[in-house]
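By convention here, the first residue in the shown sequence is residue 1.
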Amino acid sequence: PVPEIRMKMNKTTSNAGTAQTIKVDVSGGKLSYKDFSVKLGGKKMSVTYKGDSYFKFTIPATMSDGTYAVTVSNEGSEYTLGDYIITPKPDEPAPVLKMSPATSKTGTAATVKVSISGGKLAYKNFAVKLNGTKMTVTYKGDSYFKFTIPADVADGTYTVTVSDDGTEYTIGDYIITPKPAEPEKTMTLGQTSSTQGTAANVKVTVSGGTMLYKSDFCVKFGTTKMTVSYKGDSYFKITVPASFASGTYVVTVTNGTKTTEIGNYTVKEKVIPEPTFGKLSITKGKSTSSTTVKVEYSNMTYASDFKVKVGGVKATMSYKGDSYFKFYTPTGLAAGTYDVIVTNKGKQYTIGSFTFTS
């Protein structure tokens with residue numbers, strides 16, 4: 001007699017939406033695998049393995065839920081293995097979404113991370129909104145996603161919603177607080193005076209926060225705009241030219257349409273010391289002949305009106321040097337003692353006396 005072939009499936013049920021590989025044990029004989037097929041409810045399945053003691057077939061994930069008769073055809077013979085039950089796919093748990101952070105300040109862009117637990121997002125027709133305004137999503141992952149809130153969003157409390165594959169989720173409130181007012185800056189002059197003739201590089205120290213220089217930034221002495229030679233976070237520098245007029249000036253700083261008085265600065269008039277003259281090298285000579293006299297000096301430059309007179313008579317200059325000059329005494333003056341007077345830059349200086357003998 002021909003042995004009876006028996007077949008038994010290793011499983012008879014699964015959930016819809018997931019492909020299943022079924023192993024069928026063969027006993028009591030062998031299958032020839034001629035004109036061989038496996039069917040579920042009359043629909044042919046894919047056979048993935050054929051062996052002496054078992055074979056395998058695959059149920060696709062697209063099979064809908066229901067109860068299906070499993071039949072096997074082999075070389076003209078039909079075998080019924082039993083029923084295979086596909087149950088409905090269980091509902092996916094709803095994802096739990098949590099923001100971090102949930103607050104920021106105006107004027108600064110914020111990147112918000114939203115963690116995902118208890119389920120997954122499909123990221124289909126996905127959007128994140130603040131009070132209905134769509135935000136930019138910068139990252140999408142299995143366990144979290146990120147979105148950016150721009151710096152120009154006004155302060156207030158916003159409801160954050162997420163749309164995904166037709167489902168709407170409300171994450172919660174996001175609070176944007178007003179940007180704190182910048183602390184008042186205090187500016188202090190490093191020096192408050194200088195003297196004409198020498199340029200001054202004045203440091204101005206800034207306290208109360210980092211100095212942010214606006215397009216209209218400038219420093220003025222009175223109404224005159226000064227040159228700013230350096231701009232730093234905690235100080236800046238201005239240059240007072242050597243030729244700046246003497247006087248006391250109110251110093252103002254304009255920055256971001258706001259003008260602040262920071263103190264007074266005095267430019268002192270340059271004091272030019274008066275010339276000093278040494279003693280005449282010779283103080284006596286004959287009236288009938290010229291005597292060469294040397295005079296040492298300091299703090300004097302020769303002007304166009306420079307001259308030496310003895311008793312009111314102009315002397316002839318024999319030498320004009322950096323530290324001394326020489327002149328010849330005039331002849332013809334009567335015997336006696338006469339003042340020697342130097343004229344320079346409109347001023348007269350009596351530097352001694354010379355005595356003539358006959």
Side-chain angles (χ1 to χ4, degrees), residues 189-204 219-230 237-252 263-358:
L189 291 164
Q191 67 184 73
T192 57
S193 67
S194 59
T195 303
Q196 281 182 312
T198 304
N201 203 20
V202 181
K203 179 179 179 180
V204 180
V219 181
K220 289 183 179 179
F221 276 24
T223 59
T224 304
K225 192 173 181 179
M226 309 304 288
T227 298
V228 178
S229 59
Y230 176 79
K237 290 183 178 181
I238 53 176
T239 301
V240 181
S243 59
F244 209 75
S246 60
T248 298
Y249 300 88
V250 175
V251 183
T252 58
N264 293 330
Y265 192 93
T266 300
V267 179
K268 300 173 185 177
E269 187 175 0
K270 184 177 181 179
V271 178
I272 301 174
E274 289 291 323
T276 58
F277 300 91
K279 293 180 179 181
L280 304 180
S281 62
I282 299 174
T283 59
K284 184 183 289 188
K286 293 186 175 292
S287 60
T288 56
S289 62
S290 293
T291 302
T292 301
V293 180
K294 176 182 177 182
V295 181
E296 294 182 349
Y297 71 87
S298 60
N299 299 325
M300 187 189 76
T301 56
Y302 299 100
S304 59
D305 64 344
F306 176 80
K307 56 183 171 285
V308 179
K309 286 185 178 182
V310 181
V313 179
K314 186 176 180 181
T316 300
M317 302 303 301
S318 64
Y319 178 77
K320 290 193 290 187
D322 291 340
S323 61
Y324 69 93
F325 57 84
K326 292 180 180 181
F327 65 90
Y328 298 125
T329 58
T331 58
L333 288 170
T337 300
Y338 299 89
D339 286 338
V340 179
I341 298 173
V342 173
T343 299
N344 194 54
K345 294 184 179 179
K347 290 186 177 183
Q348 291 186 342
Y349 307 92
T350 300
I351 64 172
S353 61
F354 193 89
T355 300
F356 290 100
T357 60
S358 55

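Closest approach of Met300 to Pro275, counting heavy atoms only: CB-CB, 3.8 Å. Minimum interatomic distance between Ser318 and Thr292 (heavy atoms only, all atoms of both residues): OG-CG2, 4.4 Å. For Ala199 against Ala242, the heavy-atom pair with the smallest separation is N-CB, 3.6 Å. Minimum heavy-atom separation, Gly190 to Val202: N-CG1, 4.4 Å. Residues Ala200 and Tyr265 come closest through the heavy atom pair CB-OH, 3.7 Å. A pairwise comparison of heavy atoms in Lys203 and Lys237 identifies CA-CG, 4.1 Å as the closest pair.
Thr252 OG1 to Lys220 NZ: the interatomic distance, rounded to the nearest 0.5 Å, is 6.5 Å. How far OG1 of Thr355 is from NZ of Lys286: 13.5 Å, rounded to the nearest 0.5 Å. Note that NZ of Lys268 is 8.5 Å distant from OG of Ser194, once rounded to the nearest 0.5 Å. Rounded to the nearest 0.5 angstrom, Met226 CE and Thr239 OG1 are separated by 8.0 Å. With rounding to the nearest 0.5 angstrom, the CD1 atom of Ile238 is 6.5 Å from the CG atom of Leu189. The line from CG of Asp322 to OG1 of Thr301 is 11.0 Å long, rounded to the nearest 0.5 Å.
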* Could you go through the side chain to side chain contact (heavy atoms under 4.5 Å, CB included) check for Asn201 and Tyr230 one step at a time? => CA-CA 10 Å; Asn201 203 20; Tyr230 176 79; over 6 Å; no
* To do: Please lay out, stage by stage, how Phe221 and Val251 fare under the test side chain to side chain contact (heavy atoms under 4.5 Å, CB included).
  => CA-CA 5 Å; Phe221 276 24; Val251 183; 3.6 Å; yes
* Are Thr331 and Thr288 close enough, and set up right, to give a side chain to side chain contact (heavy atoms under 4.5 Å, CB included), and what steps lead you there? -> CA-CA 5 Å; Thr331 58; Thr288 56; over 6 Å; no
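You'll find the side chain of Asp305 reaches within 4.5 Å of the side chain of Asn344, heavy atoms only. At least one side-chain heavy atom of Val250 sits under 4.5 Å from a side-chain heavy atom of Asn264. You'll find the side chain of Val342 stays beyond 4.5 Å of the side chain of Tyr297, heavy atoms only. Counting heavy atoms from C-beta outward, Val310 and Phe327 have side chains that approach closer than 4.5 Å. Under the 4.5 Å side-chain criterion, counting only non-hydrogen atoms from C-beta, Val308 is in contact with Val340. Counting only heavy atoms from C-beta outward, the side chains of Ile341 and Tyr349 never approach each other to under 4.5 Å.
A donor-acceptor contact closer than 3.5 angstrom links the side chains of Thr266 and Thr248. Under 3.5 Å, the side chains of Thr291 and Lys284 contain no donor-acceptor pair of N or O atoms.
Phe325 and Phe277 have perpendicular rings, their planes meeting at more than 60° on a 0 to 90° scale where under 30° would count as parallel. Note: Phe306 and Tyr302 have perpendicular aromatic rings, judged against thresholds of 30 and 60 degrees for the angle between ring planes.
Between the side chain of Ser281 and the main chain of Lys294, a donor-acceptor pair closer than 3.5 Å is present. Proximity of a side-chain donor or acceptor of Ser290 to a complementary backbone N or O of Thr329 within less than 3.5 Å is detected. Between the side chain of Gln196 and the main chain of Ser243, no donor-acceptor pair closer than 3.5 Å is present. In this structure a side-chain-to-backbone donor-acceptor pair under 3.5 Å is missing from Asp339 to Ser353.
Within a 6.0 Å sphere centred on CD of Glu269, other residues, nucleotides and ligands contribute 12 heavy atoms or fewer.
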